[in-house]
Every structure is written in C-alpha cells, then in structure tokens.
Amino acid sequence: MLITRRLEFDAGHRIPDHQSQCRHLHGHRYALEITLGGEIIEQKGDPANGMVMDFSEVKALAMRHLVELWDHAFLAWAGDQPVVDFLHSLPDHKTVLLDCVPTAENLAQQAFTILDRVYRDSYGNQLRLERVRLYETPNCWAEALRG
C-alpha cells in the first residue's frame, strides 16, 4: 500500500550557472509530496489500525526534520561564494547551506536522503519512503525515487 502526504513551504534560491532568470535570487512556494509504502496495520486497539501510517505523524516528522528547517530560508549552494557572503552579512538570516546547487532535482534528492531514515519501519510494518516529489511551481517538479 502507498500513502502520500503533501506539505508546502516557501524558500528562496538561485542557480548560479543558469543562463536565464534562475541565476537571480528568487523564491518559490514549494510543495512537497511524501509517498510511503508499507503494510496496512491490522491490530485491534492500535491507534494506527487500518493505516500504513497516520497522516498527522507523516506531517509531524516531515515538519520537524525538513520543512521547519527549509521554510522561509534561503537555500544556497555552499560554493556560491558571493551569495553566501551576502547572506552571512545579514543579521540572523535563515540560510541553509547545501553541498549542491539548489535545483528542484537536487532538493528532491536531499529531501529523500533526509526523510528516508526518519520514516524507516516506524511501525514494524516494513514502512519505507518510496518517493519524494518536490514542486518548484505548479507545473514543474522533480521526483526522487527509491532505487
């Protein structure tokens, strides 16, 4: 069985080597879809009876381990020195330094890596992260899939 929870957050970034507008500082209203696979829990009296995982817990874990860190932050590649220097000059600025250029593809892969260990077999029902889909715009997204 597969279940999916969708969350949204706002963040800024830039793609420094891009030849068009994405090289400029800008932001997005990202949407993150987390798809988990596992067996349906069949345990009378268990609060998760009939579920793969409670959707509210899917959300709580994603919020704690990813969304709260990235929301209203500037997601910057650590090698983008002019932007990193500028962001460090701003007092108390929320900046997330990444070891990769913050494209939708790289962010989806980073999110998958972070969340994979968070959800792994939480309920003893072979729970596993199957997919992270990250929408950069309503019409453009990247997916990181279990290989």
Side-chain angles (χ1 to χ4, degrees), residues 1-41 47-48 51-147:
M1 177 63 64
L2 297 175
I3 63 168
T4 300
R5 176 70 198 232
R6 181 182 172 102
L7 303 163
E8 296 183 2
F9 64 95
D10 299 295
H13 76 149
R14 87 171 188 130
I15 312 303
D17 296 325
H18 199 268
Q19 296 302 306
S20 188
Q21 294 191 48
C22 292
R23 74 181 180 277
H24 302 296
L25 302 176
H26 65 285
H28 295 282
R29 176 73 175 170
Y30 289 98
L32 178 71
E33 291 180 356
I34 300 160
T35 300
L36 300 167
E39 300 299 319
I40 296 172
I41 297 165
M51 303 174 186
V52 171
M53 184 178 198
D54 188 312
F55 285 120
S56 67
E57 192 163 349
V58 176
K59 177 184 177 181
L61 289 170
M63 292 296 292
R64 183 176 329 125
H65 294 278
L66 182 76
V67 175
E68 289 173 0
L69 303 173
W70 288 9
D71 187 35
H72 284 82
F74 196 90
L75 309 175
W77 172 44
D80 190 357
Q81 206 58 55
V83 167
V84 171
D85 291 345
F86 168 69
L87 294 171
H88 283 296
S89 76
L90 301 174
D92 300 319
H93 189 270
K94 189 174 181 183
T95 303
V96 175
L97 292 181
L98 303 166
D99 61 1
C100 57
V101 176
T103 60
E105 297 89 340
N106 283 336
L107 293 174
Q109 186 61 57
Q110 291 277 316
F112 191 98
T113 299
I114 291 165
L115 295 174
D116 187 35
R117 61 179 161 61
V118 170
Y119 294 111
R120 190 173 300 134
D121 204 22
S122 298
Y123 288 97
N125 60 341
Q126 293 83 47
L127 186 69
R128 66 200 166 275
L129 181 63
E130 295 292 344
R131 182 188 79 192
V132 167
R133 178 181 283 176
L134 183 71
Y135 288 85
E136 191 170 82
T137 71
N139 301 315
C140 301
W141 64 88
E143 291 182 340
L145 303 169
R146 176 157 307 285

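The chain is numbered in sequence order, starting from 1. All values reported here derive from a predicted model rather than from experimental measurement.
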Using the side chain to side chain contact (heavy atoms under 4.5 Å, CB included) rule, take Leu134 and Gln110 through it: C-alpha gap first, then chi angles, then the decisive distance, then the call. CA-CA 11 Å; Leu134 183 71; Gln110 291 277 316; over 6 Å; no

Over all atoms of both residues, closest heavy-atom pair of [X] and [Y]:
| X | Y | answer |
| --- | --- | --- |
| Gly38 | Val52 | O-CG2, 3.7 Å |
| Leu145 | Arg131 | CD2-CG, 3.3 Å |
| Ala108 | Val132 | O-CG1, 4.0 Å |
| Leu97 | Val84 | CD2-CG2, 3.8 Å |
| Ala31 | Arg6 | CB-NH2, 3.3 Å |
| Pro102 | Ile15 | O-CD1, 3.5 Å |

Main-chain N/O of [Y] paired to [X] side chain as donor or acceptor, under 3.5 Å:
| X | Y | value |
| --- | --- | --- |
| Arg146 | Leu129 | yes |
| Arg14 | Arg23 | yes |
| Tyr119 | Leu127 | no |
| His93 | Leu87 | no |
| Glu68 | Leu66 | no |
| Arg128 | Gln126 | yes |
| Asp10 | Asp71 | no |

Apply side chain to side chain contact (heavy atoms under 4.5 Å, CB included) to the pair Thr35 and Arg133, showing each step before the final yes or no. CA-CA 8 Å; Thr35 300; Arg133 178 181 283 176; over 6 Å; no

Validation row: [X], [Y] side chains within 4.5 angstrom (heavy atoms):
| X | Y | result |
| --- | --- | --- |
| Tyr135 | Glu33 | yes |
| Trp70 | Leu32 | no |
| Met53 | Ile3 | yes |
| Ile41 | Met51 | no |
| Leu115 | Ile34 | yes |
| Leu2 | Thr4 | no |

Tell me yes or no: between the side chains of Ser56 and Asp54, is some donor less than 3.5 Å from an acceptor?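 On atom types as modelled, these side chains qualify, holding a pair under 3.5 Å.
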
Answer yes if the side chains of Gln81 and Asp85 hold a donor-acceptor pair under 3.5 Å, and no otherwise.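 Side-chain D/A pair, Gln81 to Asp85: present.
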
Can you measure from [atom1] ([X]) to [atom2] ([Y]) and round to the nearest 0.5 angstrom?
| X | Y | atom1 | atom2 | answer |
| --- | --- | --- | --- | --- |
| Arg5 | Glu57 | CZ | CD | 12.0 Å |
| Cys22 | His28 | SG | NE2 | 6.0 Å |
| Ile114 | His65 | CD1 | NE2 | 10.5 Å |
| Phe74 | His26 | CZ | NE2 | 8.0 Å |

For the residue pair His13 and Tyr30, does the interplanar ring angle fall in the parallel (under 30°), tilted (30 to 60°) or perpendicular (over 60°) class? perpendicular

Stepwise side chain to side chain contact (heavy atoms under 4.5 Å, CB included) check, Leu107 with Leu98: CA-CA 9 Å; Leu107 293 174; Leu98 303 166; 3.6 Å; yes

